[in-house]
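Each ligand, and each atom within it, is numbered from 1 in the order the structure gives.
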Amino acid sequence: MKYISTRGQTAPMDFSDVLLMGLAPDGGLMLPETYPQIDDATLSEWRSLSYSELALAIMSKFATDIPAADLEDIIQRTYNTKTFGSADITPVRKLDDNLYVLELSNGPTLAFKDVAMQFLGNAFEYVLKQKNKRITIIGATSGDTGSAAEYALRGKDNIEVFMLSPHGKMSAFQRAQMYSLTDANIHNIAIKGMFDDCQDIVKALQQDAEFKAQYDLGTVNSINWGRILAQIVYYFKAYFAVTNSNDDKVSFSVPSGNFGNICAGHIAREMGLPIGRLIVATNENDVLNDFFNQGKYQPRAADNTYVTSSPSMDISKASNFERFVYLLLEKDTARVHELFDGVKQGQGFDLSDVMSAINDQYGFAAGKSTHEDRLATIKDLYDTHQDLVDPHTADGIKVAKELQQAGEVIVCAETALPAKFAETINEAVGQIEIARPAHTEGLEDLAQHVTVLDNDANLVAEQIRQHVSANTAA
Ligand SMILES: *Cc1c(COP(=O)(O)O)cnc(C)c1O
């Protein structure tokens, strides 16, 4: 299988090259030339597979330049009880008739990003070894992404990680998660500034072509194809968990920000998985809600992005959205290029003329949830079901209930555990003891390792020079 760019100006590439990439050289996103089609007989065979067997069956259709035995080894080292707490990896629990929760957050950092990042860590290490290369990952985080990346890349050969976070702006739990790591290849840097300042520093260093080549800079952000691929697996697993026959349809409600998670659901549906609707749930940052209801995409500027109590969805420009628009526009790469060049300049676009394709052909629907909604949803589930969900998951459940049609089975993605967001949980239900996985007990008491720097890209560059030897070939 070859990979191409949504903007049509990049020569076709293999999976293992795409895996290490961020944006395509032409500014687009990489994706497979076509999505493999899964027929009814294959779906039936896959029903009884374990998570890791299913992952191998799906991923081997995309990662065709990695020998099957090697891919199997990467998958088995990733998806096991030790890392994800159960053999099911992503179990499903029932809330009500026709309403389920897909547990995606039982990995090391208690958020769904672990499912993809843990795979990426092992796959990166393997591919780098094969190619005799190294990589220096630099990233900016306000919480979930950075910790998931660090727990996935810690101790990996030929990988150094420099993770920038805003000094004093993360929760005590998030700080403890990241700063307590002692692995020599993990470097936490707290910047005296905001998240946007961290992101600007990362951009500045990435744009310095000479520095980038000298230190083999790379990223693991949400547009990475390997992350999307790993997420496709759990849509199949959940479908099999809640159906007995391939004649049944299942809808998914997904708390969304960068459109990465639900993009994987969209691809599963394109592959032939009988998904009914893909429900995009947003918080107050409702750019995607507007698009999927009205066909108009109007991204906000960073300084118009609301700070909410479901912070991992506080995104105003959905970085994976272009992968769907490419298909919606029937692979018209010139048009995609034009539209997203406009987005870069702060413009929006209007595709309301293809609303019926968005809703009927591709199955998308969307709804929005606010602070009051998520508090009410958390409280209601706690009072009536003794079930505690995190604020992001609550957004997805609120929207699922609002849009559910008669007889429609909806699976709601649980994108984080409540223990990560104690403050909002307590606001919703009062001061209660919030259960935590055993491996996070006492986390806040561990020694923390972080370098605090002024908001200056040169100081971060200096840290990289100190810890990574310069590439003389570059
Ligand atoms: C990252 C994240 C999301 C948003 O996922 P996208 O793939 O960016 O749409 C939702 N909830 C939580 C808890 C997250 O960490």
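Around the NZ atom of K169, the shell of radius 6.0 Å holds more than 12 heavy atoms that belong to other residues, nucleotides or ligands.
Here the closest non-hydrogen pair linking L229 and F62 is CD1-CD1, 3.4 Å.
Judged as a side chain to side chain contact (heavy atoms under 4.5 Å, CB included), and not counting sequence neighbours, the contacts of L120 are L19, M117, F124, V220, N224, R227. Not a single salt bridge (Lys or Arg N to Asp or Glu O under 4.0 Å) links D390 to another residue, sequence neighbours left out. Remark: R154 engages D183 in a salt bridge (Lys or Arg N to Asp or Glu O under 4.0 Å) (not counting sequence neighbours).
Side chain of E150 to main chain of L181: no donor-acceptor pair is present (N/O by atom type, distance under 3.5 Å, no hydrogens or angles).
For a heavy-atom separation below 4.0 Å, the residues in contact with ligand 1 are F112, K113, D144, P255, S256, G257, N258, F259, G260, N261, S312, M313, H392, T415, A416.
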